[in-house]
Amino acid sequence: MFEKFCDILCNDKKFITVEINPPHGASIDGIIADIQKHDLQNKVTGFSCTDNPLAKLKMSGVLSAIKVQQTFGKPVIATMSMRDKNKLSLQSTLLGANDFDLRCILALTGDPAKFSDQPEVKGVLERDSTLLLSIIYHLNKGVDYSNKPLNPAPKPIYPFAVSNATAKDMNSLKKRMIKKLNYGARAIITQPVYTLENAKELLALFEEAKALSIRDTAKEAQLVLGQFPIVRAKTANFIDDKVPGISVPKDIIDEMNLAAMDGEEREQEVGFALSKRIFDEMMDIHGKVHLMTHNRFDLCSQLIG
């Protein structure tokens, strides 16, 4: 299953994944039912599950990913945040997940613990996401982080990483891409992209990073363009003002603000048309997109068509 998933990713084939945010509760069944309602599992290559984004309490991303994967028989990329786990816990979770055949892992540093909705929570954060990539590199050699042989050795793990979509100095993005590729990342998912120019710039930077990486695995590594569809003007303004590493073009913000003046129905109509155009353009020029919609699976299904 994962070999086919990575074959689609690494070759000239359409690759679409959809992000799932696990619930603030003890069952993901309602989310699974909503995915089934829109037949989304038959329109995508796979899914991803987040790991307490913004340090807000949610159901375990790894356990959620296992259930989603077993339900749909499609690979799920499980996010693991460095914020909450030390290297002992990370290795233990990876080994357990491996036995359930959960083998695509998205390495994140994680949002700061100070954003948490839980009283006085403290982050662990032994290092940034490159520590997790390094651990996976060791496990894929059949040894733990201290180089002790594992018996039995885990099945191959496919590490993913993330990248901002914009920066004041775009060369700094390239340096971070190189670093993550050097630590073994097989794919990098970007923050949401809203223009063809931004997408082309990121793709060019990624090709340069691959050429400069010391790892053989970088040769087949892929960039996956993130997309967060905007159907509300308030969302467009918030993302552009408050979310680092993402830039929403002024013409999109202006168009959404004008549409909002004519009511919510018009606002959503214009927002969907803009988002559909961006999605189609990204698929046309690259064909590898990761959709983030805060569990708006109806919106995902409509965008994909």
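A quick note: this is a predicted structure, and the numbers were derived from the prediction, not measured.
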Checking T293, D51, T50 against N21 for side-chain hydrogen bond (donor to acceptor under 3.5 Å, both in side chains), the one that qualifies is T50
Given the options T166, N164, V193, S247 meets side-chain contact (heavy atoms from CB on, under 4.5 Å) only with T166
Open item on the list: Check K67 with D29, please: is the shortest side-chain N to carboxylate O separation under 4.0 Å?
Closed with: yes
Find out whether Y158 and I136 are in side-chain contact, i.e. whether some heavy atom of one side chain is under 4.5 Å from a heavy atom of the other. no
Of all heavy-atom pairs linking L303 and P229, the shortest is CD1-CG, 3.3 Å
Ignoring hydrogens and angles, state whether a donor on the side chain of N237 or D241 is under 3.5 Å from an acceptor on the partner side chain. no
In terms of heavy-atom contacts, R296 and V231 come closest through NH1-CG2, 4.2 Å
Is a side-chain N or O of K85 found less than 3.5 angstrom from the main chain of V124, in a donor-acceptor match? no
Rounding to 0.5 Å, atoms CG (L139) and OH (Y145) come to a distance of 11.0 Å
Between Q227 (side chain) and S275 (backbone), is there a donor-acceptor pair under 3.5 Å?
yes
Exercise for the section: Give a yes/no verdict on a cation-pi contact between R83 and F115, requiring under 6.0 Å between NZ or CZ and the six-membered ring centre and an angle within 45° of the axis. Expected result: no
Check whether more than 12 heavy atoms from other residues, nucleotides or ligands sit under 6.0 Å from atom CD of E265, and answer yes or no. no
Can you tell me if K234 has over 12 outside heavy atoms packed within less than 6.0 Å of its NZ? no
| query | Is there side-chain contact between E207 and M177, with heavy atoms separated by less than 4.5 Å? | reply | no
Determine, stepwise, if the pair Y183 / L132 fulfils side-chain contact (heavy atoms from CB on, under 4.5 Å).
CA-CA 9 Å; Y183 274 95; L132 179 51; over 6 Å; no
Do the side chains of I304 and F279 get nearer than 4.5 Å, heavy atoms only? yes
Using a strict 4.0 Å threshold on nitrogen-to-oxygen distance, state whether K13 and D7 make a salt bridge. yes
Expected output: side-chain E267 to main-chain A233 donor-acceptor under 3.5 Å:
yes
Flag yes if I28 and V18 sit in one hydrophobic cluster, no otherwise; membership is Ile, Leu, Val, Met, Phe, Trp, Tyr, and two members link when side-chain heavy atoms are under 4.5 Å apart. yes
Closest non-hydrogen atoms of E19 and F297, given as atom of the first, atom of the second and distance, are O-CE2, 4.0 Å
Sidechain N-carboxylate O distance under 4.0 Å for K200, E197
no
Within the 4.5 Å heavy-atom criterion, are I230 and Y194 side-chain neighbours or not?
yes
Value for CD1 (I32) from OG1 (T71), rounded to nearest 0.5 Å, stands at 3.5 Å
Quiz prompt | Heavy-atom donor-acceptor pair, R215 side chain to N182 backbone, under 3.5 Å | solution = yes
query = Can you tell if the side chain of I252 reaches within under 4.5 Å of the side chain of I278, non-hydrogen atoms only?
reply = yes
- prompt: Just wondering, more than 12 heavy atoms not from K14 lying within 6.0 Å of its NZ?
  reply: yes
Q) Mind checking whether F47 and Q69 have side chains closer than 4.5 Å, heavy atoms only? A) no
In terms of hydrophobic clustering (I, L, V, M, F, W, Y; side-chain heavy atoms under 4.5 Å; direct or indirect links), are M282 and I239 co-clustered? yes
Taken to the nearest 0.5 Å, the spacing of Q36 CD from Q41 CD works out to 6.0 Å
Could you walk me through whether M283 and D280 pass side-chain contact (heavy atoms from CB on, under 4.5 Å), step by step? CA-CA 5 Å; M283 290 301 295; D280 289 344; 5.6 Å; no
Exercise. Are any side-chain N or O atoms of N86 and backbone N or O atoms of S89, one a donor and one an acceptor, separated by less than 3.5 Å?
Worked result: yes
Query raised in the report: In terms of side-chain geometry, is the basic nitrogen of K43 or D39 positioned less than 4.0 Å from the acidic oxygen of its partner?
Result: no
Handout entry: In one Ile/Leu/Val/Met/Phe/Trp/Tyr side-chain cluster, 4.5 Å: L291, L202
Key = yes
On a heavy-atom basis, the closest approach of S116 and K56 is C-CD, 4.4 Å
All heavy atoms of K180 vs all of V162, minimum pair found to be NZ-O, 2.6 Å
Separation between CD1 (I189) and CG (L108), nearest 0.5 Å, reads 9.0 Å
Below 4.0 angstrom, N of the basic side chain to O of the carboxylate: do R176 and D128 qualify? no
Discussion item. Run V76 and C49 through side-chain contact (heavy atoms from CB on, under 4.5 Å) and show every step you take.
Written reply: CA-CA 7 Å; V76 179; C49 281; 4.1 Å; yes
**Asked** Any donor and acceptor pair, going by atom type alone, linking the side chain of T190 with main-chain N or O of L225 inside 3.5 Å?
**Response** no
Worksheet item: Do I246 and V289 belong to the same hydrophobic cluster, where Ile, Leu, Val, Met, Phe, Trp and Tyr are linked whenever their side-chain heavy atoms lie under 4.5 Å apart, directly or via other members?
Response: yes
With a 3.5 Å distance limit and no angle check, can you tell me whether T109 reaches the backbone of S129 through a side-chain donor-acceptor pair?
yes
Rounded to the nearest 0.5 Å, the CZ atom of R186 sits from the CD1 atom of I105 at a distance of 13.5 Å
Closest non-hydrogen atoms of K179 and T130, given as atom of the first, atom of the second and distance, are CE-CG2, 3.7 Å
Under 6.0 Å from the CD atom of E220, do we count more than 12 heavy atoms belonging to anything else shown?
no
Contact between K210 and K219 at the side-chain level, heavy atoms closer than 4.5 Å - yes or no?
no
With a 4.5 Å cut-off on side-chain heavy atoms, are L203 and I285 touching? yes
_Walk me through whether M82 and L90 qualify under side-chain contact (heavy atoms from CB on, under 4.5 Å)._
CA-CA 8 Å; M82 304 303 299; L90 290 166; 3.4 Å; yes
| query | Are the side chain of K288 and the backbone N or O of L9 linked by a donor-acceptor pair below 3.5 Å? | reply | yes
TODO: Specify whether F15 and F5 have parallel, tilted or perpendicular ring planes, treating 30° as the upper limit for parallel and 60° as the lower limit for perpendicular.
DONE: tilted
Main-chain N/O of L150 paired with D144 side-chain donor or acceptor, under 3.5 Å: no
(request) Give a yes or no answer on whether the side chain of H286 reaches the backbone of L223 with a donor-acceptor pair at less than 3.5 Å. (result) yes
query: I135, L106: one ILVMFWY side-chain cluster at the under-4.5 Å cut-off?
result: no
dist R232:CZ -> Q268:CD (nearest 0.5 Å) comes out at 6.0 Å
